[in-house]
Amino acid sequence: ESKNPFLLLDSLRIDYSLPGLLKKHIKKILVSGIEIRAQYKDGSIVIPGGDFKNIFKNPAETKPENPDDPRLPELPVSFEEFEIRNATMILTGENIDLRIPFSMKARPIPRDENNTPTGYTIHMGLSLDFSDARTALNIASQVDMYTTVDFQKDEISTRLAFSDMNIAY
């Protein structure tokens with residue numbers, strides 16, 4: 001058992017109905033109090049114990065189990081909403097020690113004719129507060145990231161919005 005696990009969560013709530021569960025459908029998944037520990041090494045963010053090398057691999061580079069079946073990637077269950085509240089990423093490294101509070105909400109894009117979601121819309125909020133005593137640089141801001149992932153169109157779009165920004169030097 002690790003003294004500092006890379007992932008901790010305080011609570012997990014799943015809202016469902018019995019008929020929905022029989023159809024593998026969940027109304028809402030809510031995760032609260034997540035703490036993710038990561039390290040900044042050699043110009044990359046590394047989560048100890050995690051192998052994420054293939055997570056963003058181009059689908060054309062992966063062999064489908066049945067090449068004649070062009071179905072979209074599917075999750076084991078469908079959901080109407082997935083939400084993360086009160087989360088923090090702790091990022092450490094040689095010259096860095098940051099706590100980045102964040103939240104996230106994801107919803108499926110409306111379904112196609114096969115009743116499969118074509119992708120997901122994701123809203124993520126980050127609270128940045130960076131201070132560097134060596135350079136006297138202080139940056140604080142709320143960052144809102146809006147992302148849409150559409151599997152049918154092979155498109156990913158992201159929009160960033162910075163608010164309450166304060167930069168002091």
Side-chain angles (χ1 to χ4, degrees), residues 2-15 26-59 72-110 117-169:
S2 175
K3 290 182 183 178
N4 292 315
F6 80 92
L7 178 67
L8 297 171
L9 63 98
D10 288 338
S11 68
L12 172 67
R13 187 179 94 197
I14 300 174
D15 296 340
I26 295 173
K27 285 186 174 209
K28 184 174 185 175
I29 301 168
L30 175 63
V31 184
S32 186
I34 289 181
E35 187 174 282
I36 301 170
R37 295 182 182 275
Q39 298 171 342
Y40 186 74
K41 285 184 180 177
D42 302 323
S44 298
I45 295 176
V46 177
I47 297 178
D51 181 13
F52 302 103
K53 291 178 185 169
N54 295 325
I55 196 166
F56 294 111
K57 197 173 215 176
N58 183 343
L72 300 173
E74 290 185 30
L75 296 174
V77 296
S78 63
F79 61 86
E80 292 175 30
E81 186 175 350
F82 176 82
E83 185 174 1
I84 296 175
R85 292 184 189 164
N86 304 319
T88 303
M89 175 179 266
I90 300 171
L91 184 61
T92 58
E94 205 171 293
N95 296 319
I96 194 168
D97 191 14
L98 294 174
R99 293 182 67 84
I100 305 168
F102 70 94
S103 61
M104 186 190 87
K105 191 177 283 191
R107 292 191 169 120
I109 294 174
T118 60
Y120 297 92
T121 59
I122 302 165
H123 172 238
M124 187 168 206
L126 302 168
S127 298
L128 301 178
D129 193 358
F130 173 77
S131 297
D132 186 350
R134 294 173 295 150
T135 62
L137 177 65
N138 297 303
I139 302 172
S141 180
Q142 175 66 31
V143 181
D144 288 302
M145 181 172 74
Y146 301 90
T147 301
T148 301
V149 179
D150 192 322
F151 299 121
Q152 278 188 334
K153 298 177 183 176
D154 288 331
E155 293 179 349
I156 297 176
S157 64
T158 299
R159 180 174 58 93
L160 294 173
F162 294 86
S163 60
D164 301 324
M165 184 171 276
N166 184 10
I167 300 174
Y169 181 73

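Worth saying up front: this structure is predicted, and the values here are computed from it rather than measured. Hydrogens, waters and symmetry mates play no part in the numbers below; they use all other heavy atoms, side chains included. Note that the numbering runs from 1 along the sequence shown for the chain.
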Without placing hydrogens or testing angles, list every side-chain donor-acceptor pair under 3.5 Å for residues 97-109, not counting sequence neighbours.
from, atom 1, to, atom 2, distance (Å)
Lys105, NZ, Glu81, OE2, 3.4
Arg107, NH2, Glu81, OE1, 3.4

Just so I know, are the side chains of [X] and [Y] near enough to count as touching, which here means a heavy-atom distance under 4.5 Å?
X	Y	value
Ser32	Asp10	no
Ile29	Leu12	yes
Thr148	Glu155	no
Thr121	Thr147	no
Ile90	Ile36	no

**Message:** Test side chain to side chain contact (heavy atoms under 4.5 Å, CB included) on Phe151 and Tyr120; report intermediate values, then the result.
**Reply:** CA-CA 9 Å; Phe151 299 121; Tyr120 297 92; 3.8 Å; yes

**Message:** Within this structure, what is the OG1-CG distance for the pair Thr118 and Asp150, rounded to the nearest 0.5 Å?
**Reply:** 4.5 Å

**Item:** Least distance between heavy atoms, Gln39 atom then Leu91 atom
**Value:** C-CD1, 3.9 Å

**Message:** Surrounding NZ of Lys27 (heavy atoms of other residues, nucleotides or ligands, distance under 6.0 Å), is the total greater than 12?
**Reply:** no

**Item:** Ring-face cation contact, Phe6 with Arg37, 6.0 Å cut, 45° max
**Value:** no

**Asked** With sequence neighbours excluded, what pairs up with Arg13 under the side chain to side chain donor-acceptor pair (under 3.5 Å) test?
**Response** Asp15

Show which side-chain atoms of residues 136-145 pair as donor or acceptor with protein atoms under 3.5 Å away, not counting sequence neighbours.
from, atom 1, to, atom 2, distance (Å)
Asn138, OD1, Ser131, OG, 2.9
Ser141, OG, Ser163, O, 3.2
Gln142, OE1, Ser127, OG, 2.9
Gln142, NE2, Leu126, O, 3.3
Asp144, OD1, His123, NE2, 3.2

